[in-house]
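What follows is a set of notes on a single structure, which appears directly below.
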There are 2 protein chains.
Amino acid sequence: MLISARDPVAEAAVALFGDPLRARIVALLATEQMCTCHLIEETGARQPTVSHHLRVLREAGLVDTEPKGRFTYYRLRAEAVAELADALGGLADRAERAGGHYRPC
Amino acid sequence: MLISARDPVAEAAVALFGDPLRARIVALLATEQMCTCHLIEETGARQPTVSHHLRVLREAGLVDTEPKGRFTYYRLRAEAVAELADALGGLADRAERAGGHYRPC
DNA sequence: CGCGGATATCAGCATGGGTTGATGTCACCA
DNA sequence: TGGTGACATCAACCCATGCTGATATCCGCG
């Protein structure tokens with residue numbers, strides 16, 4: 001795994017947690033599917049701010065949207081989060097095996 | 001898990017991946033322990049920049065340091081990465097179980 | 001059809017964090 | 001002891017991103 005600016009793991013991690021409000025939204029969506037109006041209510045943030053963060057999550061492929069009339073419900077994509085968890089598990093494994101190797105200076 | 005600005009999961013994720021260069025450093029440290037001079041060489045970044053990012057990782061408890069004379073080696077803490085992976089696995093589980101719950105508007 | 005509600009987007013502004021060059025401190029060597 | 005190398009830190013600068021108020025668009029209802 002060569003992590004670069006375009007690495008999906010880094011991008012997903014930053015999309016999920018790169019901002020405190022967005023991390024809060026993620027936590028809320030992990031409890032139930034919610035529409036924008038609920039997220040605005042729960043977080044106390046302004047509507048455009050909430051919409052902006054939902055857009056970041058949407059474009060990162062971390063949420064699905066389901067329009068219901070005037071309301072838009074968001075679902076956290078468990079499969080995408082699980083992929084990230086797996087990738088991090090792999091990183092931990094590699095780090096474990098990397099111990100003891102000392103490159104000379 | 002109530003993710004907030006102080007949440008260790010969010011903080012670890014951001015410390016690991018919040019900047020492309022830092023993510024790159026993390027990937028390098030997952031292959032072997034390296035000293036600052038190696039990381040400067042491998043990444044092509046300036047020394048203060050590399051030091052700054054190492055500091056972020058250090059203060060987040062994600063790397064251990066081992067001074068060897070004038071050289072400082074860094075080790076990615078596999079256990080810390082594994083904890084993050086576990087937490088994300090839990091988040092994915094919860095998101096999976098959250099499907100189907102629709103709060104009325 | 002007109003109005004109100006939900007929300008996605010736009011444009012402008014402020015701030016935090018990354019990068020840079022300079023500096024300070026410690027370790028090593030002749 | 002003095003000089004050099006490694007690197008942690010400092011201070012200044014810049015830019016990407018989050019936040020705000022305004023606007024546009026779509027949907028539902030009387």
Side-chain angles (χ1 to χ4, degrees), chain A residues 3-7 10-26 28-29 33-60 62-75 102-105, chain B residues 3-7 10-26 28-29 33-60 62-75 102-105:
Chain A
I3 298 188
S4 71
R6 294 290 174 84
D7 179 58
E11 290 190 343
V14 170
L16 286 172
F17 304 113
D19 174 72
L21 176 58
R22 199 148 75 237
R24 174 93 179 100
I25 289 170
V26 166
L28 287 171
L29 292 180
Q33 297 186 47
M34 294 171 98
C35 89
T36 315
C37 66
H38 300 139
L39 293 168
I40 291 163
E41 230 179 80
E42 293 285 340
T43 60
R46 303 292 167 81
Q47 179 266 319
T49 304
V50 171
S51 276
H52 163 77
H53 286 300
L54 289 172
R55 179 185 183 163
V56 172
L57 292 169
R58 202 168 59 233
E59 297 187 342
L62 293 163
V63 291
D64 287 330
T65 58
E66 186 175 353
K68 282 175 177 291
R70 288 186 293 191
F71 306 100
T72 308
Y73 276 80
Y74 285 80
R75 174 184 82 90
Y102 283 99
R103 179 194 293 197
C105 295
Chain B
I3 298 187
S4 71
R6 294 291 173 83
D7 180 58
E11 290 191 342
V14 169
L16 285 172
F17 304 113
D19 174 72
L21 176 58
R22 199 150 73 239
R24 173 92 179 103
I25 289 170
V26 166
L28 287 170
L29 292 179
Q33 296 186 46
M34 293 171 99
C35 90
T36 314
C37 67
H38 299 139
L39 293 168
I40 291 165
E41 230 179 80
E42 292 284 340
T43 61
R46 302 293 166 83
Q47 179 266 320
T49 306
V50 171
S51 274
H52 163 78
H53 286 301
L54 289 172
R55 179 185 183 165
V56 173
L57 292 169
R58 200 169 59 233
E59 294 186 343
L62 292 163
V63 289
D64 286 332
T65 59
E66 187 175 354
K68 284 176 179 285
R70 287 188 293 194
F71 307 99
T72 308
Y73 276 81
Y74 285 80
R75 175 184 83 89
Y102 283 99
R103 180 196 291 198
C105 296

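Quick note on labels: first sequence line is chain A, next is B, and so on, each numbered from 1. Bear in mind that the values here come from a model prediction, so they are computed numbers and not experimental data.
Note on Y73(A): nothing from the nucleic acid sits closer than 4.0 angstrom, heavy atoms only. Among the protein residues, C105(B) comes within range of no part of the nucleic acid, since none of its heavy atoms lies under 4.0 Å from any strand.
Contacts of residues 36-44 of chain A with DNA chain D (heavy atom under 4.0 Å): none.
In this structure, H52(A) has no ring pair (Phe, Tyr, Trp, His ring centres under 6.0 Å) partners at least two apart in sequence or on a different chain.
Between L57(B) and L16(B), the closest side-chain pair of non-hydrogen atoms falls below 4.5 Å. Here the side chains of I25(B) and L54(B) are in contact, with some heavy-atom distance below 4.5 Å. Within the 4.5 Å cutoff, the side chain of L39(A) has heavy atoms near those of the L29(A) side chain.
Closest non-hydrogen pair, L21(B) versus A45(B), comes out as CD2-CB, 3.6 Å. In this structure, F17(B) and A23(B) approach most closely via the heavy-atom pair CD2-CB, 4.1 Å. Across all their heavy atoms, A15(B) and L62(B) have their closest contact at CB-CD1, 3.5 Å. Of all non-hydrogen atoms in T36(A) and S51(A), the two that sit nearest each other are CG2-OG, 4.2 Å.
Side-chain N or O atoms of H38(B) include one that pairs as donor or acceptor with a backbone N or O of C35(B) at under 3.5 Å.
Interface limits on DNA chain D: the 5'-most and 3'-most nucleotides within less than 4.0 Å of chain A heavy atoms are dG18(D) to dG28(D).
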B/S/- contact track for nucleotides 18-27 of chain C, protein heavy atom under 4.0 Å: SBBBB----B

Please output the side-chain donor-acceptor pairs of residues 67-74 of chain A that fall under 3.5 Å, not counting sequence neighbours, one pair per line with the distance.
unit_1: Y73(A); atom_1: OH; unit_2: R103(B); atom_2: O; d: 2.3
unit_1: Y74(A); atom_1: OH; unit_2: R58(A); atom_2: NH1; d: 3.2

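Rounded to 10 degrees, the angle between the two end axes of the helix from dC1(C)-dG30(D) to dA30(C)-dT1(D) is 20°, with five pairs used at each end.
Checking the phosphate oxygens (OP1, OP2) of dA8(C), a side-chain nitrogen or oxygen of T72(A) falls inside 4.0 Å.
Atoms CD1 and CE, from I40(A) and M34(A) in turn, are 11.0 Å apart once rounded to the nearest 0.5 Å. Taking OG1 of T49(B) as the reference point, atom CZ of R22(B) lies at 12.0 Å (rounded to 0.5 Å). With rounding to the nearest 0.5 Å, the separation of CG in D64(A) from CZ in R75(A) is 4.5 Å.
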